[in-house]
Amino acid sequence: MGCWSTRFNFGHLKAQSKVSVFFTMIILFTYVFYCLTGYCDLIPSPLHELQSFKNKRYPEEGSKPQPVAPWNRSIVRDLPGSNQDFLSQNVEETNHIYSDSYNLSVFNNFGNKEFPQAIIIGVKKGGTRALLEFLRVHPDVRAVGAEPHFFDRFYEKGLEWYRFQNVFKQKASPLPGMDAHGALLAEPAHATHVHHTHSEGSMVTVTMAEAKVRSPGHRNLGGRFSELTCLEQSPCQRPVCCDGSRHRNLSDTQVRKITCKPTANGHDNGSYGACCTSQGLQNLPFACIMTSLCSLEFTSSAECTQPDSMFTQAVFEGFRLVSKEIMKESISNWEGSCSEGMSWNIMPRTLEGQITMEKTPSYFVTREAPRRVYAMSRHTKLIVVVRDPVTRAISDYTQTLSKSPSLPSFQDLVFRNSSTGLIDTAWSAVRIGIYAKHLENWLRFFPLSRLLFVSGERLVTDPAGEMGHVQDFLGLKRVVTNKHFYFNQTKGFPCLKKPEGGSRPRCLGKSKGRAHPHIPAEVLLRLRDFYRPFNLKFYQMTGQDFGWE
Ligand SMILES: Nc1ncnc2c1ncn2[C@@H]1O[C@H](COP(=O)(O)OS(=O)(=O)O)[C@@H](OP(=O)(O)O)[C@H]1O
């Protein structure tokens, strides 16, 4: 009997376990399906993040990213001896980042934040912006619009800052101290990107396209801004601001050039620089920056006379004051809408198969940059847009001249001794063009195969052809082709038929493709003679003849 009863119970249990196996299977399938559709990533999971971070590997030449550990001791082993200590320390630091940062939510939106697998490292005035904008058309490229300047200026902030920076989230409705224009409540329907370009550390350019501005009453403000506020930090690190005519409680010495005004277009000609109490920046950074972010067809650039880092620091300090959150500096990609709040990122989020990129042309001439990039990943692909160093020098000079009209002439600056014709190699406009010298520095850390040299000249005459090489180098499908470009006669440059995030054709801004001042022929001749041996060396090193004569 006991035996029968046992059998009976056993059978019952069998039936029960079948049911439970069935349900377990359903749950498992649901979970797998859920994960396959990508939703698992939305769950902030320290372990998951830690593992995915650690398991990400940079792609081999010509291939898409594969999951393998990027940072390990082999980085240290492979490095030329003298830098091992530095790298050991850096690897330690990086490991520390893993353990410290895994509670940061990087999955609060689609995609992950990755370190860039490819960087446009130079050269200044070579055509780097054009290349980046062309690349951004590619669906597998996610690139930060601003120049992060991590490996030259902000390295001490650490890799965590570089990768994760995404610190501000603010319900912006209504923000404290907003002015009547209410631009902060704007809805940037097609927020594209905020450029933050630098020249000699003294210029900030913020551009924005195709965003809609709506006041709280949904009145389209439609502002076009010719200038944006430039803020400066006072010596005591308290940011000062802003619209000179409005400042209060600040001594005049604390207020430098500050303007924030929309151009006359029939709307809102008043100043947006509502601000400035000794309490700081509650209003102004929001008013100005967010207005610009959200302005309709914000086409012109905002140029400030203060160093860009000060600008950003001050802006973020302003945000910090308002939001009571800790801000970190940089204007970059931004996410969200003004009505929901916003956040800035250095690194954009990427989905599987997409590559992260950034461009900072000054890296090419920064002595420490190769070692630092190597410490991040020796697999990083490096792109250098090179242009005839003579034209490049003039372009560089033209940019400086545009900000300082009283600048001495090019010929006054280019010679150390005009009677002997000795070229002043201490002048950055000249020095940057000695490509061979700077390349040597990079080749101490990276093999030539990790570098791609893009001809700045061909980028103008044959953008699709040059983009073909770039896409091959990055292991991308050749998506950006001839059909993406048209030649704009007025601008004299190729423009995009359909830029990233936009529906209308667009050319680069006014600061790209500027007319150069006339330089006497004998000066050009002398400069060409100066560069010739360096150019030849560069051709030898790269195995490419760029035809600069
Ligand atoms: N498609 C297109 N449109 C406009 N301009 C173009 C384009 N392609 C290349 N260029 C050249 O890019 C030069 C500016 O170089 P960069 O973008 O590297 O400048 S910067 O270093 O970021 O300031 C810029 O230099 P200037 O002509 O001296 O203004 C241009 O010659």
Side-chain angles (χ1 to χ4, degrees), residues 119-137 143-149 152-153 193-207 209 299 301 303 308 331 357-366 383-403 410 428-429 431-433 435 438 453-467 470 480 482 484-500 505-519 546 548:
I119 305 178
I120 301 172
I121 55 170
V123 298
K124 184 183 173 196
K125 306 316 290 178
T128 55
R129 175 56 60 191
L131 177 62
L132 190 77
E133 294 310 311
F134 296 167
L135 270 170
R136 289 171 80 156
V137 173
V144 54
E147 292 175 9
H149 281 274
D152 60 346
R153 294 188 200 163
H193 42 261
V194 180
H195 293 257
H196 173 207
T197 58
H198 317 264
S199 164
E200 318 241 309
S202 61
M203 175 180 170
V204 172
T205 303
V206 181
T207 58
T299 50
S301 65
E303 300 188 359
D308 50 334
I331 290 180
M357 290 192 69
E358 70 123 309
K359 85 122 178 156
T360 305
S362 48
Y363 290 163
F364 189 60
V365 298
T366 302
I383 300 179
V384 195
V385 188
V386 285
R387 181 184 187 187
D388 182 341
V390 177
T391 332
R392 200 220 65 82
I394 300 168
S395 172
D396 208 336
Y397 169 79
T398 308
Q399 174 150 306
T400 315
L401 186 68
S402 72
K403 289 174 289 161
F410 183 84
S428 70
R431 204 178 54 247
I432 293 171
Y435 302 143
H438 306 298
F453 302 92
V454 174
S455 158
E457 285 81 13
R458 283 199 298 272
L459 199 59
V460 176
T461 55
D462 179 18
E466 217 53 22
M467 287 306 293
V470 177
V480 185
N482 245 324
H484 287 90
F485 302 100
Y486 75 99
F487 190 80
N488 185 307
Q489 296 292 347
T490 322
K491 181 133 182 104
F493 281 90
C495 298
L496 281 168
K497 283 185 187 162
K498 225 175 162 213
E500 187 215 24
R506 207 178 73 208
C507 298
L508 294 189
K510 276 189 289 190
S511 65
K512 308 290 176 189
R514 277 188 278 230
H516 294 174
H518 170 75
I519 311 292
F546 290 90
W548 302 316

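The residues of the chain are indexed from 1 along the displayed sequence. In each ligand, atom 1 is the first atom listed, and ligand 1 is the first ligand listed.
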Determine whether the side chain, the backbone, both or neither of Leu508 has a heavy atom under 4.0 Å from any heavy atom of ligand 1.
side chain
Residue portion contacting ligand 1 (non-hydrogen atoms closer than 4.0 Å) for Lys359:
side chain
Proximal ligand 1 atoms for Lys124, defined as those under 4.0 Å from one of its heavy atoms:
21 (O)
Could you list the atoms of ligand 1 found under 4.0 angstrom from a heavy atom of Pro494?
1 (N), 2 (C)
Interfacing atoms of ligand 1 (cut-off 4.0 Å, heavy-atom, Glu147):
22 (O)
Ligand 1 contact by Glu133, heavy-atom criterion under 4.0 angstrom:
no
Is it true that Val460 lies under 4.0 Å from ligand 1, counting heavy atoms only?
yes
Can you measure from NZ (Lys510) to NZ (Lys491) and round to the nearest 0.5 angstrom?
10.0 Å
Does Thr128 reach the side chain of Val123, with side-chain heavy atoms less than 4.5 Å apart?
no
A side-chain contact here means heavy atoms from C-beta on lying under 4.5 Å apart; do Ile383 and Lys359 qualify?
no
Measuring only between side-chain heavy atoms, which start at C-beta, is Arg392 closer than 4.5 Å to Tyr435?
yes
Which ligand 1 atoms are under 4.0 Å away from a heavy-atom of Gly513?
5 (N), 24 (C), 26 (P), 27 (O), 29 (O), 30 (C)
Pro494 side chain near Val460 side chain, heavy-atom distance below 4.5 Å:
yes
Here the atoms of ligand 1 under 4.0 Å from any heavy atom belonging to Ser395 are 25 (O), 26 (P), 28 (O)
For atom 19 (O) of ligand 1, which of Arg129, Arg458, Lys491, Lys512 has the closest heavy atom?
Lys512
Is Phe487 touching ligand 1 with its side chain, its backbone, both, or neither, if touching means heavy atoms under 4.0 Å apart?
neither
Do side-chain atoms of His438 reach the backbone of Arg431 as a donor and acceptor pair under 3.5 angstrom?
yes
Flag side-chain contact, heavy atom, 4.5 Å: Cys507 against Tyr486
yes
